[in-house]
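Structure first, commentary second.
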Amino acid sequence: MNIGILGAGHVGKVLGVGFVQSGHRVRISSREPHNSKHDSWRQGVGESGDVTSFDEAARYGEIIILALPWSCVKDILETIDPIYLQNKTVIDVSNAVHMDNGPRLLLHDTSAGVIVQTLLPESHVVKTLHTVSDKIMIHPKFKEGTPVMFMCGNNHSSKDQVRALLKDIGWTEVVDLGDIRQSLLQESIMLACLISELQLQSPGSAFALLRH
C-alpha cells in the first residue's frame, strides 16, 4: 500500500520506517523536502520511501498519516489540495498539549481528533498511535505484558484498514472506542500515560488491559 505521511519529524520518520519494513511504500513530507537532514532517512528506506512536499505526499498516499505538531496542523492542511484527501483514511497521531506547570490538554470542550475531522469533512479520520511516544510506536515489546492501542473514528471500513496497519507494525491488542468524539477520551488517556511516565520516571511506557 502507498502511505503518505504529513510530517517528517521523529514520529513521521519512525512510522515511515516501520511501514516500509512491513512491505509498504511511503512518502513522508516536509516544508524542506530536499534538506540534507533527510538524507539518512532516505538511505535507510531505499526505493520504498522518499521525502516530498505535503501536497505530493497527500496525493501519493492511499492512506494518510497526520504526524504534525498541533500548532501547525490547520495551516498545513489548508495548503493541501482537498481533492488529494477526499474519501481517504487519515490517521491522526497529533496531540494538543502544553507543558506549562505540568502537562495539560490544550483543548477542553472538544478534541484534536474532532477538529481534524472538521477540517477534513470529506476524509475518514481515525485517531490512534498518539497515546505512546515514537520510541515504542513500532513493534512494542514489554516484559510485563502486551500493550493496548486504542482507536476511534466514524467510518468502520477505515477503522478496519487502520487495524490491519497497526497489526503490521506490531500492535496485536487494538480496542475500538467508538466514533471520532471518543478522541477526547483517547487524548485524556495519552495525558494520563504521559503524567505516569513522568512520575514513575519510565519513558516509553504504554497501558495494557489486564483480564481474568
Side-chain angles (χ1 to χ4, degrees), residues 5-7 9-12 14-15 64-77 89-121 123-138 140 142 144-156 158-163 165-167 169-212:
I5 299 180
L6 305 180
H10 290 301
V11 172
V14 165
L15 289 176
I64 307 300
I65 299 176
L66 181 62
L68 295 165
W70 180 249
S71 59
C72 63
V73 165
K74 184 175 184 292
D75 289 343
I76 288 176
L77 288 180
T89 298
V90 176
I91 300 174
D92 176 22
V93 191
S94 67
N95 279 315
V97 296
H98 57 84
M99 301 297 289
D100 297 338
N101 299 316
R104 291 179 291 167
L105 293 177
L106 192 61
L107 306 168
H108 301 289
D109 298 327
T110 185
S111 65
V114 167
I115 290 175
V116 171
Q117 182 64 83
T118 301
L119 292 171
L120 302 175
S123 303
H124 308 301
V125 176
V126 178
K127 188 82 179 183
T128 195
L129 282 174
H130 64 108
T131 53
V132 297
S133 77
D134 58 276
K135 297 178 178 64
I136 58 168
M137 282 184 176
I138 305 300
F142 292 88
E144 297 173 308
T146 301
V148 64
M149 180 49 62
F150 300 103
M151 69 173 176
C152 67
N154 296 337
N155 186 279
H156 291 292
S158 289
K159 287 192 282 190
D160 287 343
Q161 283 184 312
V162 173
R163 187 184 294 273
L165 285 177
L166 289 172
K167 185 176 181 181
I169 57 174
W171 291 95
T172 58
E173 294 278 354
V174 179
V175 176
D176 180 359
L177 294 178
D179 65 39
I180 195 63
R181 292 173 297 178
Q182 293 294 74
S183 61
L184 178 60
L185 173 59
Q186 284 183 211
E187 289 161 30
S188 297
I189 291 172
M190 172 279 302
L191 187 64
C193 188
L194 175 58
I195 292 172
S196 298
E197 287 182 334
L198 293 173
Q199 289 196 2
L200 299 174
Q201 298 183 3
S202 180
S205 298
F207 286 140
L209 293 178
L210 304 180
R211 289 168 284 192
H212 286 292

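Here, residue 1 is the first one in the sequence, and each next residue gets the next number. Predicted model only: the values in this text are computed from it and were never measured.
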*Got a second to check how far Ile138's CD1 is from Trp171's CH2, nearest 0.5 Å?*
9.5 Å
*Would the number of heavy atoms belonging to other residues, nucleotides or ligands and lying under 6.0 Å from CZ of Arg163 be above 12?*
yes
Taking distance alone, no hydrogens or angles, what donor-acceptor pairs closer than 3.5 Å link side-chain atoms of residues 96-113 to residues at least two apart or in another chain?
from: Arg104; atom 1: NH2; to: Asp100; atom 2: O; distance (Å): 3.4
from: Ser111; atom 1: OG; to: Val114; atom 2: N; distance (Å): 3.2
from: Ser111; atom 1: OG; to: Ser183; atom 2: OG; distance (Å): 2.5

*Can you list every pair that meets salt bridge (Lys or Arg N to Asp or Glu O under 4.0 Å) and has a residue in residues 189-203, with sequence neighbours left out?*
none
*asked:* List the residues meeting salt bridge (charged side-chain N to carboxylate O under 4.0 Å, His left out) with Asp176, not counting sequence neighbours, and say none if there are none.
replied: Lys159
*Under the side chain to side chain donor-acceptor pair (under 3.5 Å) test, which residues partner Lys74, sequence neighbours left out?*
Glu78
Exercise answer: donor-acceptor pairs, residues 204-212 side-chain atoms, under 3.5 Å, sequence neighbours excluded:
from: Ser205; atom 1: OG; to: Ser202; atom 2: O; distance (Å): 2.5
from: Ser205; atom 1: OG; to: Ser202; atom 2: OG; distance (Å): 3.1
from: Arg211; atom 1: NH2; to: Glu173; atom 2: OE2; distance (Å): 2.9

_Going by side chain to side chain donor-acceptor pair (under 3.5 Å), name the residues that satisfy it together with Gln182, two or more places apart in sequence or in a different chain._
none
*Looking at CG of Leu194 and CD of Gln199, how far apart are the two atoms once the value is rounded to the nearest 0.5 Å?*
10.5 Å
*asked:* Please give me the minimum heavy-atom distance between Leu166 and Met149, naming the atom from each residue.
replied: CD1-CG, 4.2 Å
*Mind jotting down which residue pairs meet the salt bridge (Lys or Arg N to Asp or Glu O under 4.0 Å) criterion with at least one end in residues 123-136? Sequence neighbours excluded, please.*
Asp92-Lys127, Lys127-Glu187
_Checking His130 now: which residues fulfil side chain to side chain donor-acceptor pair (under 3.5 Å) with it, not counting sequence neighbours?_
Asn95, Gln186
*Measuring from Leu68:CG to Asp75:CG, what's the distance to the nearest 0.5 Å?*
10.5 Å
_Cys193 SG to Leu198 CG distance, which is reported to the nearest 0.5 Å_ = 10.0 Å
*Who pairs with Ser123 by side chain to side chain contact (heavy atoms under 4.5 Å, CB included), at least two apart in sequence or on another chain?*
Leu85, Val90, Leu120
_Heavy-atom pair with the smallest gap, counting every atom of Gly12 and Ile5_ = O-CD1, 3.6 Å
*What distance do Thr89 atom OG1 and Ile65 atom CD1 have between them, rounded to the nearest 0.5 Å?*
11.0 Å
*Which of these, Ile91, Val73, Leu66, sits in a side-chain contact (heavy atoms from CB on, under 4.5 Å) with Leu6?*
Leu66
_salt bridge (charged side-chain N to carboxylate O under 4.0 Å, His left out) against Asp160, all qualifying residues, sequence neighbours excluded_ = none
*From Ile180 atom CD1 to Met151 atom CE, the distance as rounded to the nearest 0.5 Å*: 11.0 Å
